[in-house]
Amino acid sequence: MVAAGSVSQRLAGKTPFSYRADPNVPPFPDDRALLVFDGVCVLCSATARFVLRQDQARRFRFATAQSQLGQALFRHYGLDPETFETNLVLVDGRAYGKLDTVVAAGRLLGGVWRMLSLLRVLPRPMGDWLYDRVARNRYRLFGRTEHCMIPPPRWRDRFVDL
């Protein structure tokens, strides 16, 4: 069952590192940001590869939403563990969803990508509406694969719960 209220509001209301107290969430290293993405979505996997390439400081770890960890985190945060309505980014124990994931990732990547913070000027309902349009149509627009993204050897150590 998915809780009421906007995803962004629900995530913002959670205590940082709340997943640590949830026995259903397996322990994982959380000393860096974690990007949880739909591993069969071509767009989502391309986004993860983009972040991997841009993240020279190795500030991110990654997990697919289909993994045991991804599923547990989606449930913990009251997100649907089957439709993956959003990517999930955890930074310093705080969870971000929808357009906030783009802002959080840009901030951590630094450089020119910090300009993604300008997306904050959009009212949250408008930003969520735009994000939802793409998310609901991502398979039709960009495609899907039969299996989750398998990272090349040079990136495997950046993935949690392969």
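Below, each value reflects all heavy atoms present in this structure, side chains not excepted, and no hydrogens, waters or symmetry copies.
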Query raised in the report: Taking only residues two or more places apart in sequence, or in another chain, which ones meet Arg75 in a salt bridge (charged side-chain N to carboxylate O under 4.0 Å, His left out)?
Result: none

Query raised in the report: Is any side-chain heavy atom of Leu116 closer than 4.5 Å to a side-chain heavy atom of Val103?
Result: no

Query raised in the report: Do Trp129 and Leu141 share a hydrophobic cluster (ILVMFWY, side-chain heavy atoms under 4.5 Å, transitive)?
Result: no

Query raised in the report: What residues form a salt bridge (charged side-chain N to carboxylate O under 4.0 Å, His left out) with Asp55, not counting sequence neighbours?
Result: Arg158

Report task. For the pair Leu109 and Arg59, evaluate side-chain contact (heavy atoms from CB on, under 4.5 Å) and give the outcome as yes or no after the intermediate values. Result -> CA-CA 8 Å; Leu109 288 175; Arg59 290 184 176 108; over 6 Å; no

**Report entry** Pairing residues for Arg20 by the salt bridge (charged side-chain N to carboxylate O under 4.0 Å, His left out) criterion, not counting sequence neighbours
**Finding:** Asp30

Query - Heavy atoms of other groups near Asp92 CG, more than 12 under 6.0 Å - result: no

**Report entry** Nearest heavy atoms of Val7 and Glu85, plus distance in Å
**Finding:** CG2-OE1, 3.2 Å

Query - Transitive ILVMFWY side-chain link Leu11 to Phe17, under 4.5 Å - result: yes

**Report entry** Sequence-distant partners of Gln71, side-chain hydrogen bond (donor to acceptor under 3.5 Å, both in side chains), two or more places apart
**Finding:** none

Requested in this report: List for me each residue that meets side-chain contact (heavy atoms from CB on, under 4.5 Å) alongside Pro123, sequence neighbours excluded, and say none if there are none.
Outcome: Pro125, Met126

Report summary line: side-chain contact (heavy atoms from CB on, under 4.5 Å) filter on Asn24, not counting sequence neighbours, yields Asp22

Query raised in the report: Applying the 4.5 Å side-chain criterion to the ILVMFWY set and letting contacts propagate, would Met115 and Leu122 be lumped into a single cluster?
Result: yes

**Report entry** Residues in side-chain contact (heavy atoms from CB on, under 4.5 Å) contact with Asp132, at least two apart in sequence or another chain
**Finding:** Lys98, Arg136

Report summary line: When rounded to the nearest 0.5 Å, the distance separating CG of Leu99 from CG of Leu119 is 5.0 Å

Query raised in the report: When you look at Trp113 and Leu108, which way does the side-chain contact (heavy atoms from CB on, under 4.5 Å) test go after all the steps?
Result: CA-CA 8 Å; Trp113 304 115; Leu108 278 175; over 6 Å; no

Report summary line: Residue pairs passing the salt bridge (charged side-chain N to carboxylate O under 4.0 Å, His left out) test with at least one member in residues 32-46, sequence neighbours excluded, are Asp38-Arg138

Query raised in the report: Are the side chain of Thr64 and the backbone N or O of Ser67 linked by a donor-acceptor pair below 3.5 Å?
Result: yes

Query raised in the report: Are Val112 and Val102 connected, step by step, through hydrophobic side chains (Ile, Leu, Val, Met, Phe, Trp, Tyr) whose heavy atoms are closer than 4.5 Å?
Result: yes

Query raised in the report: Do Thr86 side-chain atoms and Leu88 backbone N/O form a donor-acceptor pair below 3.5 Å?
Result: no

Report task. Please round to the nearest 0.5 Å and tell me the distance separating atom CZ of Phe62 and atom CG of Asp161. Result -> 15.0 Å

Report task. Quick one: pull up CG in Leu73 and CG in Leu34 and give me the separation to the nearest 0.5 Å. Result -> 6.5 Å

Requested in this report: Could you note down all residue pairs passing ring-ring contact (aromatic ring centres under 6.0 Å, His included) where residues 69-110 supplies at least one of them, sequence neighbours left out?
Outcome: Phe74-Phe84

Report summary line: Sequence neighbours excluded, the answer for side-chain contact (heavy atoms from CB on, under 4.5 Å) partners of Pro26 is Gln68, Leu69, Ala72

Below 3.5 Å, can you tabulate the donor-acceptor pairs from side chains in residues 44-53 to any protein atom, sequence neighbours excluded?
from, atom 1, to, atom 2, distance (Å)
Ser45, OG, Gly39, O, 3.2
Ser45, OG, Cys41, O, 3.1
Thr47, OG1, Leu43, O, 2.9

Query raised in the report: Which pair of non-hydrogen atoms, one from Val134 and one from Phe142, has the smallest distance, and what is that distance?
Result: CG1-CE1, 4.4 Å

Requested in this report: Kindly state each residue pair satisfying salt bridge (charged side-chain N to carboxylate O under 4.0 Å, His left out) with at least one member in residues 141-154, sequence neighbours excluded.
Outcome: none

